[in-house]
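Notes for the one structure printed next.
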Amino acid sequence: MAVPALARQDADDPASVENAPSPRSWGRAFDDIRKAVAQRELWGHLGWQDIKQRYRRSVIGPLWITISMAVTAAALGGLYSQLFGQPIGTFMPYVTVGFMIWYFISACVLEGTETFIANEGLIRFLPAPLMIYVFRTVWRQILFFAHNVVVYVVVLAIFFTQLDEPYRMINVVPGTGGTPGILHPGLSWWALLAIPAFVLIVINGLWVTLLFGIISARFRDIPPVVSSFMQLFFTMTPIIWTTDLLSGGAPGSTKSIIEQLAKLNPFYHFIEIFRAPLVGQVQSWTHWAVVGGITVVGWTLALVALRNYRSRVAYWV
């Protein structure tokens with residue numbers, strides 16, 4: 001791509017070069033974001049091409065995304081509903097939505113670490129804002145997520161009668177001497193809260209991709225380290241198990257301690273703001289407060305990194 005005429009003129013004009021803002025300036029950082037948003041047709045096309053390229057010679061193409069999600073949810077939902085003694089009619093939707101949003105979050109984290117490394121050629125030779133590659137990565141994951149929504153619609157159609165009225169994930173909390181499980185209200189119009197919840201998760205996916213992408217471009221050990229930790233977080237996050245199993249523990253007991261540790265897991269809060277409305281469970285505004293705080297802190301760190309190191313990424317990759 002040719003260098004814009006204005007850029008060439010500024011480069012030849014000593015006065016303009018002298019008055020140009022420092023590479024480490026908030027103006028350049030926010031200008032990078034603004035230009036990337038303006039070029040949405042570019043990153044939108046690139047993200048769609050990523051999916052087409054992945055399934056280029058496949059007979060059913062991107063439908064493999066939906067099939068893979070359906071098989072995983074059916075297999076693990078059926079298995080763990082029996083292991084935990086939970087009704088499959090309420091547990092299957094719970095697991096399905098959990099996997100849907102976990103796949104999106106984990107992909108933003110894992111592929112975010114490779115965002116700038118994978119686009120090395122374009123970054124070196126295409127004078128484009130860095131945020132284009134961030135938008136490309138997150139947009140690709142949104143398209144994957146849209147394919148997985150089909151699985152939820154099918155599961156909801158099958159088990160709607162079990163979710164349409166108040167229900168308990170577990171009838172009796174283990175080890176409590178007969179204490180009944182948490183009574184969830186069932187599906188209602190509160191399910192629409194999943195829409196702003198997903199928007200908020202996408203906003204967090206952008207700063208995660210940006211921040212981890214910059215750090216990983218500088219330190220190549222970060223991607224495998226993050227991958228290892230994500231496997232650990234998967235087992236610690238209530239996706240194929242529910243925190244209802246931990247409720248009712250006496251203060252100071254092992255069950256109570258594990259429940260508190262589970263609530264310290266940031267992924268738990270991100271998943272709950274999206275999953276709880278879609279399966280008719282009790283919605284805690286604590287989850288929204290935690291996610292909101294993480295959003296502010298995360299974007300602050302990401303913008304600082306963009307301000308200070310955006311001009312160095314091309315050299316690091």
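These numbers were taken from a predicted model, which means no experiment stands behind them.
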Are the side chains of Tyr94 and Gln281 in touch, meaning some heavy atoms are under 4.5 Å apart? yes
Can you hop from Phe198 to Val153 via hydrophobic side chains spaced under 4.5 Å? yes
With a sphere of 6.0 Å drawn around OH of Tyr268, does it hold more than 12 non-hydrogen atoms of other residues, nucleotides or ligands? yes
Measure from the side-chain N and O atoms of Thr237 to the backbone N and O of Phe233, and report whether any donor-acceptor pair falls under 3.5 Å. yes
Donor-acceptor contact present, side-chain Asp32 to main-chain Pro129, <3.5 Å: no
Side chains of Thr137 and Thr115: any donor to acceptor distance under 3.5 Å? yes
Any donor-acceptor pair under 3.5 Å from Thr242 side chain to Pro238 backbone: no
Is it the case that one hydrophobic cluster holds both Val95 and Leu83, taking links as side-chain heavy atoms less than 4.5 Å apart, direct or via other members? yes
Flag the pair Lys35 and Asp31 as a salt bridge only when some basic side-chain nitrogen lies within less than 4.0 angstrom of an acidic carboxylate oxygen. yes
Give the minimum heavy-atom separation between Ile88 and Pro93, together with the two atoms involved. O-CD, 4.0 Å
Among Phe219, Tyr309, Phe116, which residue meets the ring pair (Phe, Tyr, Trp, His ring centres under 6.0 Å) test with Trp316? Tyr309
Side chain proximity check, Glu272 to Ser284, heavy atoms < 4.5 angstrom: no
Taking it one step at a time, do Leu303 and Trp26 satisfy side chain to side chain contact (heavy atoms under 4.5 Å, CB included)? CA-CA 8 Å; Leu303 289 174; Trp26 290 111; 3.8 Å; yes
Check the orientation of Trp207 and Phe212. Use parallel for under 30°, tilted for 30 to 60°, and perpendicular for over 60°. perpendicular
Only one of Leu193, Leu192, Leu187 passes side-chain contact (heavy atoms from CB on, under 4.5 Å) with Trp190; say which it is. Leu193
Restricting to pairs with a member in residues 73-87, which pass salt bridge (charged side-chain N to carboxylate O under 4.0 Å, His left out), not counting sequence neighbours? none
Any donor-acceptor pair under 3.5 Å linking the side chain of Arg40 with the backbone of Val37? yes
Can you measure from CD1 (Ile105) to CZ (Phe145) and round to the nearest 0.5 angstrom? 9.5 Å
So Ile201 and Val291, do their side chains get closer than 4.5 Å, heavy atoms only? no
Value rounded to 0.5 Å, distance of OG1 in Thr235 from CD1 in Ile240: 8.5 Å
Shortest non-hydrogen separation from Val202 to Phe104 and the atoms involved: CG2-CZ, 3.8 Å
Less than 4.5 Å apart, side chain to side chain, heavy atoms only: is that true for Trp288 and Leu200? yes
Can a donor-acceptor pair be found, under 3.5 Å and without considering hydrogens, that links the side chain of Tyr167 to the backbone of Pro87? no
Less than 4.5 Å apart, side chain to side chain, heavy atoms only: is that true for Ile203 and Val199? yes
Answer yes or no: are there more than 12 heavy-atom neighbours, outside Arg312 itself, under 6.0 Å from its atom CZ? no
If we only count heavy atoms from C-beta on, is the Ile123 to Tyr133 side-chain gap below 4.5 Å? yes
Polar side-chain atom of Trp139 near backbone of Gly44 as donor-acceptor pair, under 3.5 Å: yes
With sequence neighbours left out, write down each residue that passes side chain to side chain contact (heavy atoms under 4.5 Å, CB included) with Val97, or none if nothing qualifies. Tyr152, Phe274, Arg275, Leu278, Val279
Shortest non-hydrogen pair, Trp43 vs Ile132, comes out as CB-O, 3.6 Å
Can you check whether Met100 reaches Val151 side chain to side chain, under 4.5 Å on heavy atoms? no
So CD1 of Ile271 and CD1 of Ile239: to nearest 0.5 Å the spacing works out to 4.0 Å
Main chain of Gly213, side chain of Ser216: is a donor-acceptor contact present, judged purely on distance under 3.5 Å? no
Rounded to the nearest 0.5 angstrom, the CE-CZ distance for Met236 and Phe229 is 10.5 Å
Within the structure provided, determine whether Asn119 and Leu122 are in side-chain contact (heavy-atom separation under 4.5 Å). yes
Heavy-atom closest pair, residues Ala305 and Leu211: CB-CD1, 3.8 Å
What orientation do Trp102 and Phe234 show, parallel under 30°, tilted 30 to 60°, or perpendicular over 60°? tilted
Tyr103 and Ser106: which non-hydrogen atoms are nearest, and at how many Å? O-OG, 3.3 Å
Grouping I, L, V, M, F, W and Y whenever their side-chain heavy atoms are under 4.5 Å apart, do Met169 and Leu183 come out in a common cluster? no
If you measure from OG on Ser68 to NE2 on His147, what distance do you get to the nearest 0.5 Å? 12.5 Å
Transitive ILVMFWY side-chain link Ile195 to Ile273, under 4.5 Å: no
What do the steps show when you test Met69 against Phe99 for side chain to side chain contact (heavy atoms under 4.5 Å, CB included), and what is the final call? CA-CA 8 Å; Met69 173 68 195; Phe99 270 115; 3.4 Å; yes
Which value, rounded to the nearest 0.5 Å, describes the distance between Met92 atom CE and Ile158 atom CD1? 8.5 Å
Ring centroids only, cut at 6.0 angstrom: are Phe270 and His287 within range, meaning strictly under it? no
Check step by step if side chain to side chain contact (heavy atoms under 4.5 Å, CB included) holds for Phe135 and Leu206. CA-CA 7 Å; Phe135 286 132; Leu206 290 171; 3.6 Å; yes
Are Leu42 and Leu143 connected, step by step, through hydrophobic side chains (Ile, Leu, Val, Met, Phe, Trp, Tyr) whose heavy atoms are closer than 4.5 Å? yes
Does Val282 offer a backbone N or O that forms a donor-acceptor pair with the side chain of His184 under 3.5 Å? yes
Salt bridge (charged side-chain N to carboxylate O under 4.0 Å, His left out): pairs with one or both residues in residues 131-146, sequence neighbours excluded: Asp50-Arg136, Asp50-Arg140, Glu111-Arg140
So, for Ala73 and Thr96, which heavy atoms are closest and what is the spacing to 0.1 Å? CB-OG1, 3.6 Å
Could you check Gln141 against Phe144 for side chain to side chain contact (heavy atoms under 4.5 Å, CB included), going step by step and ending with a plain yes or no? CA-CA 5 Å; Gln141 301 313 319; Phe144 280 129; 3.5 Å; yes
